[in-house]
Structures are given as C-alpha cells and as structure tokens.
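Data block below; observations after.
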Amino acid sequence: MNRYYYFVFFLLFSIPVARSQPDLFPGTWQMIYQPDSKAPPVLLELQIAVPGNNILFPALLTISCGDYLASYSLLLVKKNSRELAISKNKIPLNEGFQLPASEIFYFNGIFDQSKNRKGIPQLHLKRLQEGPNIAATSSLVTHEHASNLQSASDLLSRGPISLTKISNVPLLAETADSLLNSQLPRYFGLTDSLHVPVRDGVIYIAGIKKPKNDQVSMALNGQVFFEQLMIEKKPHPEEILLDTGLNLLAFFSDNFGNQLPGRGKLEGVFGEKRFQLDFADPADSAASFIVARLYVGTDKARGKYFQSYTPSTPLAPLSSNDKLLGSILSTAQQLKFAIIDDAVEDGDSISIQINGDWITRGFPVKKYAQFITVSLQPGINSIVFIADNLGSIAPNTSVIEIIDGNKRKAFPLETIPGESNLIRVFYEVTPIER
C-alpha cells in the first residue's frame, strides 16, 4: 500500500506543468556592423515594448555611426511565436543629418527569432525587398560625415542584420503609448476601427487573373489562422469566429523575393458589414502587414469609431473639381485634425476650409503629425482640403486623421492644384448640450 501511494505521489510531481511562456521579444537588441577596417562601425539598437493585445509591439530604432545619430519609431506585429513583421513606415524622431529618402524603407520585412550557440536570443532580418546602393550625396553632409552616413545607409538598405538581445527591460510604457496614440494609426499599417454586427463571418482571399507565387498569412488575436497560403485564381473562403469586444486581424504578405508590390487581398463579410485589406492599395503597397481592428457585440466599443452619415435629403451635387472622401457623424463640437505626409516629405502644403471659411492656408505637410483644432456648427459641416502645390514629387499626398477623444478616422489625400478633397461631418447636438 505504501509503495502504491509513493508511486502515485511520484507521478503527480513528475508530470510537467504547463506554464505560459513569457514573450521573448520585449527588451533591447543590438548589433555592430563594420563593412571593412577603414569604415566606421555602425551601432544598431532596437528597443521593443510589451505588446498591446498580445500582438502589437511599439518599437524604437536607433542608428549611430561616428557623428551620425538617428532614431525612428515603428510598429512590429506578431506573425507567429517566432516572427515579427516590421511596419512599412517609420517616423523619424531625430536625424543628425538625413538619410536618403528610401534607405529607412528597406529596413522592412520579417524579424525571425532564434538563439545563438550560447543560447542568447537573436533577431534576424528577412527583407521584403533589398534596396539599391545609394551614395550619400546630400549637400548638407561634409566629406567626413558622408562616410558615416554611407555606412548607416548600406546597413539599412542591404547589409546583413542580426540583433542580439542585451537586456530584458522593455521600451518604457509611456514611450510606447505615445508612439501609437500620438501618431496616425494608419501610418503604422493599422486600419480604422470597424464595428461588425455578428461574431461569425467569412473571409475570402481574393483571386487574381495571373498568380505569380504570391503567398499570404493571417493571424487573429495573436493566433495563427493560416500560413503561406498560395493565392489562386479562385477566391479561397475561410469561416471565422470573432471574440466579443476588440479583435485584431493581421494580414501578412509573404512574397519575399518575388515581384513587388504584393497583390494579396482579403475580403471580410460579417452579416451586412463588408471590408477589405488590399496590398495593392498605395498606402499598403510593399508593406509586410495590414492590421484590421474589429469590434463586435458591445455598445461600449461603439464609442471608438465614427458612424457613417447619410443625409435624409439629397445634397447639392459636387462640382467637377470636388472629390468626396466620406461623411461621418460627430457628437463633439470640437474635432482635432492630425496631418502628416504619408510618403516622402517633399515640400507639400495644403489649405483647409470649413463651411467656406479658411482655417489655414499654405500649411506645410511634414513626416510627423501636426494638429489643428476646429469647431463645428450644428448640422452638416463641409471641410475642404486643397493642394497648394505638388512638392518635389507629384501628386500632393498626405493623410488627414479626424480625432474626437478615442474616435479616429483617417482619410488619404492625393490631390493636384485646382482639385479639392471634401469631408462632410454632421454634428449632432446632444440633449445635454442643448
């Protein structure tokens, strides 16, 4: 009998206990790159924050080489247990002197996590696309600085990147929150929030006429849904069940090394609500991911998105030079506009009217978000955005995000002089305000 109890006791305490493994990604990662003995070494450091919703990792990239120092905020999205996708765009926080415009773009693709022979975690970059070898020719860079800039440029655009983890201390929560909340979400590859009426739906991986080995992956709330699905002529359907509340649906482009941009497209159908994520869209062209934020089943979630507005009576037709971007409903009298150049900062400027009155004229559009606050009148408000010039790269491109507390709605602008972009906002006065 005693032997029996001893045997049972031994079995109970020898069975492995399943424990949730801590995420290995948050912390500080570094590497030193020196192409030859004469070139100055480049120090690359990546600080990764604790993830939001188990999938969104705000990060800070710092590059230093001699007198050159630059830092950029970016977003990493968890693709599976060992891979992080890198946001297409990075917001410069400071640049000692500016890299060629395309160089930071080529720091793009997937980070693959593994361990070296000593068991230390490493992140290896698998590029979405390799950049050209562009010489540092800026007139603002001296001969001495040009060498440092060239070394940093070569590493970002085409050099081998393997980062080793040196600390488990994550990027500060305050910094991580500011990276996501103070900048345009769409700029990091996040779509506007969408409320869907039902939990169950169908997604279709849309077919294309001439497939060229394009592959896509998808994760829902941090769990892999499918990986490296080949796009074919016939759309591929998948049934999907969302959680109540917030859901993050991440759509990834896997066509590394193939013809870019990727042509994967996802179409979702939930009851009467439809949406699509398309890597052929200009904002997501050559991106490694698109993340859709889907709310379902809670009234509380409705406070996080603008409702569309349909006028009860027909409005006057638009002129040939006007382009309607959308109509939304606002319950706040004051709105904040965030304005940013979503491509290369090239001298674009815009002017803005509300109900025929100028808010600003000749407003320069920058790579970082700038904010303008406007007051609405009860009823329909017509907000017009006019391109003043083409900058150095036509057309005039920017993103306008309308913010009302937690509600956000982004509108891409692509205009030429003489053409106007129109957004209609219906301000509904609440009984308390009356």
Side-chain angles (χ1 to χ4, degrees), residues 19-29 46-61 72-90 107-115 121-128 161-165 167-173 175-177 179-181 183 185-191 193 203 205 215-229 238 240-243 245-256 262 264 266 268 277 279 284 287-295:
R19 295 184 175 90
S20 59
Q21 295 296 320
D23 211 312
L24 292 176
F25 296 123
T28 301
W29 307 72
L46 182 69
Q47 294 176 280
I48 303 178
V50 173
N53 302 100
N54 195 37
I55 182 174
L56 305 177
F57 292 79
L60 184 67
L61 175 69
Y72 303 85
S73 60
L74 62 150
L75 181 65
L76 306 175
V77 173
K78 190 174 184 178
K79 186 176 182 184
N80 52 47
S81 61
R82 57 177 288 174
E83 291 185 319
L84 292 175
I86 304 168
S87 61
K88 170 185 173 181
N89 293 313
K90 294 88 183 169
F107 185 84
N108 194 12
I110 296 289
F111 275 128
D112 187 4
Q113 190 269 327
S114 63
K115 292 185 178 180
Q122 292 186 310
L123 291 177
H124 304 279
L125 176 63
K126 297 190 294 184
R127 296 183 188 279
L128 185 65
I161 293 180
S162 292
L163 299 158
T164 300
K165 196 169 193 181
S167 169
N168 289 319
V169 178
L171 183 66
L172 291 176
T175 304
D177 290 342
L179 295 185
L180 284 182
N181 297 328
Q183 303 290 349
R186 184 62 173 168
Y187 194 72
F188 283 119
L190 305 179
T191 68
S193 302
I203 60 168
I205 304 303
Q215 294 178 330
V216 292
S217 299
M218 195 193 92
L220 178 63
N221 298 326
Q223 300 298 316
V224 176
F225 201 80
F226 57 77
E227 285 191 294
Q228 297 183 345
L229 178 68
E238 290 273 1
I240 187 171
L241 183 65
L242 302 176
D243 294 334
L246 172 64
N247 294 261
L248 294 178
L249 188 155
F251 188 42
F252 301 95
S253 177
D254 294 322
N255 60 331
F256 303 128
L266 179 151
L277 310 177
F279 284 110
D284 299 306
S288 59
F289 67 80
I290 313 171
V291 176
R293 292 177 291 188
L294 308 176
Y295 287 94

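Just so you know, these numbers come straight off a predicted model, no measurement behind them.
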Problem - side chain to side chain donor-acceptor pair (under 3.5 Å), paired with D112, selected from Q122, K79, R82, H124 - result: R82

Fill in the blank from the handout: For A85 and F289 the tightest heavy-atom approach is CB-CD2, 3.6 Å

Handout entry: Under 3.5 Å: donor-acceptor pair, side chain of N221, backbone of L248
Key = yes

Problem - Where E83 and F25 come nearest, the two heavy atoms and their spacing - result: N-CZ, 4.0 Å

Practice task
Could I get the full list of side-chain contact (heavy atoms from CB on, under 4.5 Å) partners for Q228, not counting sequence neighbours?
Solution key: Q215, S217, D254

Practice task
Could you tell me whether the side chain of N247 and the main chain of G245 form a donor-acceptor pair under 3.5 Å?
Solution key: yes

Exercise for the section: Would you check if the side chain of D284 reaches a backbone N or O of A287 as a donor-acceptor pair within less than 3.5 Å? Expected result: no

Problem - Spacing of L123 atom CG and S114 atom OG [to the nearest 0.5 Å] - result: 8.0 Å

Fill in the blank from the handout: d(F226 CZ, L220 CG) to nearest 0.5 Å is 11.0 Å

Handout entry: Any donor-acceptor pair under 3.5 Å from S288 side chain to I86 backbone
Key = yes

Exercise for the section: Without swapping roles, check the side chain of K78 against the backbone of P51 for a donor-acceptor pair under 3.5 Å. Expected result: no

Problem - Where P170 and P26 come nearest, the two heavy atoms and their spacing - result: CB-CB, 4.0 Å

Exercise for the section: Please determine which of I240, I205, L277 meets the side-chain contact (heavy atoms from CB on, under 4.5 Å) test together with M218. Expected result: I240

Exercise for the section: Report the distance from atom CG of L294 to atom OG1 of T191, rounding to the nearest 0.5 Å. Expected result: 7.0 Å

